Amino acid sequence: MVVCENRDTAVAWMQFIQCAKGRCSVSAFNNWIAPIVVIEATPLEITLKVPNIFVKEYLLSNFKEELRAFLPVNGQGEPAINFVIDAGNREPKKQEVQQEQTLPAPVHTSLRGQVKLNPKYRFDSFIDGADNQFAKSAAVGVATRPGQSYNPLFIHGCVGLGKTHMLHSIGHYITDNNKKLRVQCITTEAFINDLVDSLKNKSIDQMKKFYRSDLDVLLVDDIQFLQNRLNFEEEFCNMFEALINQNKQIVVTSDKPPAQLKLSERMIGRMEWGLVAHIGVPDLETRVAILQHKANQKGFAVPQEMAFYIAEYVRDNVRQLEGVVNRLSAHCRLLNVEISQDLVAKTLMDMMQHTPHHQITVDQILKCVAAVFQVSVKDLKGPTRTKELAVPRQVAMYLACQLVDGTLKMLSESFGKTHSTILHASKAIEKRVTGDDILRRQIEIVKRNIQAAAA
Ligand code: ADP
Ligand code: MG
């Protein structure tokens with residue numbers, strides 16, 4: 001049964017379906033999109049039932065931008081979708097297996113964790129501004145003389161500011177200008193998955209060979225996902241050194257500078273070997289130029305005064321800026337209306353509602369931890385030292401250190417504990433999550449709930 005609690009998100013999903021219909025063939029639509037069922041829709045997220053993991057991958061690989069434009073997005077700017085794999089469908093019938101094999105492969109991913117370069121992410125579609133010029137010059141330098149200028153090039157900046165765009169631009173430039181060079185672009189998550197699979201299938205030597213000698217340029221997106229994954233970090237570091245020693249170009253992106261990553265000193269040192277470049281938040285004029293460029297690409301005209309209005313409102317995430325353009329253009333096209341100030345204001349209101357902007361408090365953390373670990377807030381704050389309470393209490397302190405904007409003094413007052421207890425708890429959990437998958441998942445759920453509560 002379809003239970004839609006929130007009309008807006010449910011309507012947005014229907015609009016997305018209309019948009020998707022126009023973007024793929026009838027058979028692709030029937031095979032991939034039509035079987036998806038909305039289970040729940042709230043202002044913060046949508047829960048979709050999909051018949052198998054391939055449908056989920058297809059949707060995310062081919063329609064990420066459209067999903068971002070139509071649906072609520074989470075704190076990372078990703079579409080806030082909860083996928084439920086239909087248990088009754090886990091064992092596909094023979095006929096279905098055959099059908100799956102003949103369906104088109106997802107556009108952006110392929111073997112060995114490699115990501116296909118997004119054809120839209122090129123240097124000429126990257127708008128320069130004072131805050132990204134240094135990083136862009138470095139990227140162009142590396143792309144023109146791979147392995148001979150800065151190695152590695154480490155690009156860092158907040159989410160949605162164009163790191164992946166720049167990384168893929170480097171890849172395109174190199175492949176366009178030097179066909180002989182083998183360029184691999186990977187996400188850190190995919191590298192880890194690949195490593196896990198290789199260990200399982202006892203094919204680790206093949207993997208090592210692939211990453212160490214079958215490529216000339218390695219582009220690594222989102223290295224922050226290597227944090228707290230000690231075993232993988234070592235393998236990554238070995239591969240990294242092997243490549244650098246052969247003058248193979250490495251480019252890494254991250255949401256933080258090397259020194260702020262929770263990685264080993266060895267790894268941080270390697271990241272700082274070459275050039276570290278920061279991408280900052282673009283200024284107003286650059287944001288307007290980006291917005292107009294994105295609108296132009298879609299053949300959609302945004303009057304200059306409205307472009308300024310939007311760019312003043314959406315300040316620190318280009319992906320969101322693009323989301324506004326996508327949503328406006330889809331709306332105008334589907335309903336056959338002109339862009340207007342009212343429509344812009346309503347779209348901004350709808351989209352920004354989903355962006356967390358309130359500060360997270362210790363009380364919110366305690367409440368969410370208590371709910372997930374099934375204990376009471378009172379007990380969490382109390383003195384009892386049973387095992388059932390010790391771990392969730394430490395988790396609350398660990399999360400407070402990560403998420404709450406405040407001094408250690410303020411945190412220790414909120415918890416009624418000493419500074420060193422808080423630091424010790426935080427370190428203990430940090431260490432423990434590396435080997436405890438259940439705890440890591442529990443913490444992820446708590447974090448998600450905290451973000452939803454603070455939004
Ligand atoms: P990040 O990897 O830093 O989270 P992305 O590279 O995915 O960000 O960028 C998010 C979106 O914003 C992409 O669609 C990208 O094309 C766009 N974008 C970001 N910065 C720029 C820019 N300076 N010029 C053009 N597009 C940009
Ligand atoms: Mg990215």
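Quick caveat, the model's predicted, so the values are computed rather than measured. Start at 1 and go down the list; that is how both ligands and their atoms are numbered.
For Gln297 and Lys120, the side-chain atoms include no donor-acceptor pair closer than 3.5 Å. If you check the side chains of Gln227 and Glu233, you find no donor sitting under 3.5 Å from an acceptor. Side chain to side chain, Asp222 and Thr187 fail the donor-acceptor criterion of an N or O pair below 3.5 Å. Side chains of Tyr398 and Gln394: no donor on one and acceptor on the other come within 3.5 Å.
In this structure, Cys158 counts as a contact residue of ligand 1, since one of its heavy atoms falls inside 4.0 Å of the ligand.
At a heavy-atom distance under 4.0 Å, only side-chain atoms of Lys294, from C-beta outward, approach ligand 1. Heavy atoms of Leu321 found under 4.0 angstrom from ligand 1: none, in either backbone or side chain. The proximity of Glu322 to ligand 1, defined as any non-hydrogen pair under 4.0 Å, is limited to the side chain.
Considering backbone and side-chain N/O atoms, Gly162 comes within less than 3.5 Å of an N/O atom of ligand 1. In terms of polar-atom proximity, defined here as any N/O pair under 3.5 Å, Leu161 does make such a contact with ligand 1. Looking at ligand 1, you won't find any N or O of Ile290 less than 3.5 Å from one of its N or O atoms. Between Gly160 and ligand 1, at least one pair of N/O atoms sits closer than 3.5 Å.
The nearest heavy-atom contact from the protein to atom 6 (O) of ligand 1 is His165 N, 2.8 Å. Among protein heavy atoms, the minimum distance from atom 18 (N) of ligand 1 is reached at Val318 CG1, 3.2 Å. Regarding atom 24 (N) of ligand 1, its nearest protein heavy-atom neighbour is Ile127 N, 2.8 Å. Looking at atom 7 (O) of ligand 1, its nearest protein heavy atom turns out to be Arg319 NH2, 2.7 Å.
For the ring-ring contact (aromatic ring centres under 6.0 Å, His included) test with Phe191, the passing option among Tyr211, Phe225, Phe232 is Tyr211; the others fail. Evaluated for a ring-ring contact (aromatic ring centres under 6.0 Å, His included) with Phe126, the options His293, His172, His165 yield exactly one hit, His165. Only one option out of Phe29, Phe83, Trp32 pairs with Tyr58 in a ring-ring contact (aromatic ring centres under 6.0 Å, His included); it is Trp32.
Two residues are said to be in side-chain contact when any heavy atoms from C-beta on lie closer than 4.5 Å; His156 and Lys256 fail this criterion. You'll find the side chain of Gln249 stays beyond 4.5 Å of the side chain of Leu219, heavy atoms only.
In the vicinity of Ser125, heavy-atom distances shorter than 4.0 Å reach the ligand 1 atoms 24 (N), 25 (C). The ligand atoms of ligand 1 that sit less than 4.0 angstrom from a heavy atom of Asn132 are 23 (N).
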For the pair Arg270 and Glu265, evaluate salt bridge (charged side-chain N to carboxylate O under 4.0 Å, His left out) and give the outcome as yes or no after the intermediate values. CA-CA 9 Å; Arg270 300 298 173 265; Glu265 274 178 30; over 6 Å; no
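Only protein N, O or S atoms were considered, and those under 2.8 Å from the Mg ion (ligand 2) are Thr164 OG1.
Classification of Glu272 and Arg266 as a salt-bridged pair fails, no side-chain N sitting under 4.0 Å from a carboxylate O.
Taking all atoms of both residues into account, the shortest heavy-atom contact from Pro79 to Arg68 is CD-CG, 3.6 Å. Nearest heavy-atom pair, Ala307 versus Gln292, reported as atom, atom and distance to 0.1 Å: CB-NE2, 3.6 Å.
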